[in-house]
Amino acid sequence: MIDNHCSSRIAAVQGVSRGTSARMFGGPSPSSPTVDPEDRDSGSGSGSSAMETRTTADWKHEVEEFRQRLRHSEAENKRKDAIIESLQAKILKEGELLVRTENLQQTINEVFRRRDDPVLGAPENKVRDIVDAIQQWLFLEGGNLRDVESLITQYCIFCRSIGIPVDRVFIAGMMLHPNVSAYVWKWEIGEEFNEHEVPSSAFVKPNYNPEEPFALLMEGRAFDYRMNAKSDNIPKGCAWFRESKYQDYFALPIYHQGEFKGAMAWSTRSNEGWSKEHIQIFEHSLAALSTVLRLHTNEIVLATLVGRLEEEVNLQTQELAATNASLEEANQRIILQSQAQLKNFAIMSHEIRTPLNCIVGISDLLLNSSLDASMKESIEMITSSSDLLLAVVDDVLDYSKLATGNVKAVMRSTNLRTIVNTVASSVQTKASLSGIQLRTNMSKELPDMIQTDGRRLQQILYNLLGNAIKFGKRGEFVDFHIDMVHDAETTTNAVQFSVKDYGKGLSTQDQKCIFEPFQQAASNEGLHGGTGLGLTITCELVRVLGGTISVESEYGNWCKFRVRLPLYADSEFASVVNDSNNNEEKTLTNPSALPDNFEHLNVLIAEDNLINQKVLRRSLENIGIKNIDIVDNGEKAVKVSATMDYDIIFMDLQMPVMDGFEATRIISGRRRNGHDAKFPVIAILTAHAIEDFQQKAEEAGGDGFISKPFKVDTIKNLFRRFQLQTTESCQL
């Protein structure tokens, strides 16, 4: 039926369309007469003469008019095609509705036929047939409706169409998901459908009236509930029942998997009220109705959960963004505070080192002079105390730099054997004073040149060996082993440095916290000086170099530290930069191999502090230098160096008028341009121990960097380096 009906409607519309289109393009209309071809030919002569009198402009005008009519016709055709498509869609929709109506009417007719049948119309059969009809409608039609409102509305209309006088239906139901609110639906004839959400707590005591019908059903005090207009005990919450002149009311609970999920009530204004058959129909059809209803409520649950999830995600995203912004702001504050803290430590270090330079320098000079035993002991105590104070200042400054992330590794091609020999040679002197012998063993498998930060590696080894000598036992050994090992986790080779002393060792508890800042072994606390930062600094430096550090000990007998660093042989490192001015290689040069011959050197000192001027002058005079000039600012140093030939210029960084950076740039620039016949070595002399100053000094053109306080040997080593460089230049 639907196909024939729709086809006829569509064909009618298409026929109208074809007739309209034909007329628009000049075709014959049903009401216009046809013209015989011979009649058209008979008028050709007069037409020909008319055409001959037309001008070119007339033809162009006529062609343009024809084009406009053609464009107008095309636009009109498109508009009419759109109208046709709309009509076709409407006809199909009406056809579908008609089919559903016919199906529904067939079901109703079948119900009435069976009701009027003397055999099939028995009460028990009539109830069964109506229940079957309701269930059939619910599962075939109700499940396809768009929402709960449509379902309940159509259900009520269907019930009324088969003779059930439903005037009001009320459903209150909790969703299957516990986090979704409950819903209340009410259909009443002649009234607008009512739907609203209520919190799930509405079904929890004491949030409801225990005497209401749904409360009795929920609490299990009744399996159903019925009241009519003759009842005397109508609950207070059901005043609407009398006000709206309802005659009968019947309610049933809705269960799902044995759990109460709501209730449904049918009300009627019919004077006969609900019959026994009506009640049976409600009881037997409720399960199907609640099942179909649950299909629609599941969509509500899903939409609600998705909406809430989106809200929660958006809220959490906003909170996360706010937290990240707060963290970023806090991080920036921490960075600024750390930088300010590091700057304060640097200033404190500078202020401590300046007077300490006088103490260390003068004490060192006195130790090299003729003193009696008592005076020498006193000076040694001053020197030892100043060394300890300097170590404390260095540790605090190093820890501050590491804690603020201001220490980075500079990986360069480095001579491993030279580093080991230099460190071992330097530490052996200190070990001898403590009555300890250093035993060094380096594996022949290790390459000579590796890629590492040589200065950081030296600092690590100095700290470990110094610690071993500090806590070692007089008359014993300190074993210093360097081996190549295979790292099973990374399947690569590594270089391992082991330092073992035979002192008191560490307890198990001390081993757990030995790398923590400001921590010292409980058994050694108070016996030795220091800040408790040495091993913390060492551990951080090892981490900067990409390695690991560990400790093991037998309390009372020995203690052993192991440092394992990735081994990159020079040939394996892809990005090796050949730097002829590699400062690491300069610092690894063994200066003691050269003879001391400094008398011929001409030296310029640029230093504004009078005490430091005197300390440096006396230190230079102590090693035989006599040609010494002193200026108190950078500008004077620039002027004097332009007229005098100096071998070495000691340049302080902080000076009035012109600082050491600017003076160094000018003098080194003059040297690069070839204006000076002699190239002086510029040694930066400063109480600042931060790497930034050393880097800036090198960028300005400085050749060496000496931190205050310094000793005579520091100056000797600098001069020896200078002699080595000039010798190599001559060989070239």
Side-chain angles (χ1 to χ4, degrees), residues 1-2 94-171 185-194 224-226 228-229 244-254 263-296:
M1 175 180 286
I2 179 63
E94 290 177 353
E96 292 177 0
L97 182 60
L98 181 61
V99 170
R100 289 191 177 186
T101 304
E102 291 176 349
N103 292 339
L104 178 61
Q105 188 61 46
Q106 289 177 1
T107 302
I108 294 172
N109 294 337
E110 179 66 16
V111 170
F112 282 111
R113 186 187 68 79
R114 296 174 68 89
R115 183 190 65 181
D116 297 335
D117 188 278
V119 178
L120 298 177
E124 62 275 9
N125 293 332
K126 181 173 65 176
V127 169
R128 185 181 66 245
D129 292 341
I130 293 177
V131 170
D132 290 343
I134 293 175
Q135 291 178 345
Q136 181 182 4
W137 178 87
L138 284 171
F139 290 118
L140 295 180
E141 300 294 334
N144 295 322
L145 297 174
R146 66 179 183 273
D147 52 25
V148 175
E149 178 182 350
S150 300
L151 172 65
I152 296 176
T153 301
Q154 294 298 322
Y155 164 79
C156 294
I157 293 174
F158 180 78
C159 288
R160 291 177 63 84
S161 67
I162 59 176
I164 302 175
V166 175
D167 294 313
R168 185 181 188 270
V169 166
F170 184 80
I171 303 174
W185 298 280
K186 186 187 76 170
W187 177 88
E188 191 168 5
I189 189 168
E191 301 290 337
E192 185 178 353
F193 188 85
N194 184 277
D224 56 41
Y225 187 91
R226 188 174 183 184
N228 53 51
S244 300
K245 299 181 180 181
Y246 281 96
Q247 300 300 314
D248 208 344
Y249 172 98
F250 182 71
L252 289 172
I254 299 175
M264 181 172 179
W266 297 261
S267 302
T268 181
R269 291 190 179 99
S270 172
N271 293 329
E272 290 78 10
W274 298 126
S275 65
K276 180 180 178 181
E277 289 78 10
H278 290 151
I279 299 300
Q280 292 176 348
I281 290 170
F282 295 151
E283 291 175 339
H284 289 87
S285 64
L286 179 61
L289 176 60
S290 62
T291 300
V292 177
L293 182 64
R294 192 158 52 246
L295 295 176
H296 290 281

Any side-chain heavy atom of Phe250 sitting closer than 4.5 Å to one from Asn228?
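The answer is no, as the side chains (C-beta and beyond) never meet within the 4.5 Å cut-off.
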
Do Ile134 and Ile164 come close enough that some side-chain heavy atom pair is under 4.5 Å?
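A side-chain contact exists here, since the closest heavy-atom pair is under 4.5 Å.
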
With sequence neighbours excluded, residues passing side chain to side chain donor-acceptor pair (under 3.5 Å) with [X]:
X      : value
Arg226 : Asp248
Tyr246 : Glu188, Arg269
Asp224 : none
Trp187 : none

Please identify each residue that fulfils side-chain contact (heavy atoms from CB on, under 4.5 Å) with Pro253, with sequence neighbours left out.
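Partners of Pro253 under the side-chain contact (heavy atoms from CB on, under 4.5 Å) test: Leu217, Tyr255, Phe260.
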
Does Ser270 have any side-chain contact (heavy atoms from CB on, under 4.5 Å) partners at least two apart in sequence or in another chain, and if so, which?
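With sequence neighbours excluded, Ser270 shows a side-chain contact (heavy atoms from CB on, under 4.5 Å) to Pro165, Thr268, Glu272, given in chain and number order.
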
Who pairs with Phe170 by ring pair (Phe, Tyr, Trp, His ring centres under 6.0 Å), at least two apart in sequence or on another chain?
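Ring pair (Phe, Tyr, Trp, His ring centres under 6.0 Å) list for Phe170, sorted by chain: Phe214.
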
List in chain and number order the residues that pass ring pair (Phe, Tyr, Trp, His ring centres under 6.0 Å) with Tyr155, two or more places apart in sequence or in another chain; answer none if no residue qualifies.
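None.
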
To check you understand the geometry: which heavy-atom pair defines the closest contact between [X] and [Y], and what is its length?
X      : Y      : value
Ser267 : Trp274 : C-CZ2, 3.5 Å
Leu138 : Ser285 : CD1-O, 4.4 Å
Val131 : Ile281 : CG2-CA, 3.9 Å
Val166 : Cys156 : CG1-SG, 4.3 Å
Leu286 : Leu252 : CD2-CB, 3.6 Å

Distance from [X] atom [atom1] to [Y] atom [atom2], nearest 0.5 Å?
X      : Y      : atom1 : atom2 : result
Glu149 : Glu192 : CD    : CD    : 8.0 Å
Met264 : Leu289 : CE    : CG    : 4.5 Å
Gln154 : Ser161 : CD    : OG    : 10.0 Å
Ile130 : His278 : CD1   : NE2   : 7.0 Å

Would you call the rings of Phe282 and Trp266 parallel, tilted or perpendicular, taking 30° and 60° as the class edges?
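Judged by the thresholds at 30° and 60°, the geometry between Phe282 and Trp266 is parallel.
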
Decide yes or no on side-chain contact (heavy atoms from CB on, under 4.5 Å) for Val148 and Ile171, but give the supporting numbers first.
CA-CA 11 Å; Val148 175; Ile171 303 174; over 6 Å; no

What residues, two or more places apart in sequence or in another chain, satisfy salt bridge (Lys or Arg N to Asp or Glu O under 4.0 Å) together with Asp167?
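By the salt bridge (Lys or Arg N to Asp or Glu O under 4.0 Å) rule, Asp167 matches Arg160.
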
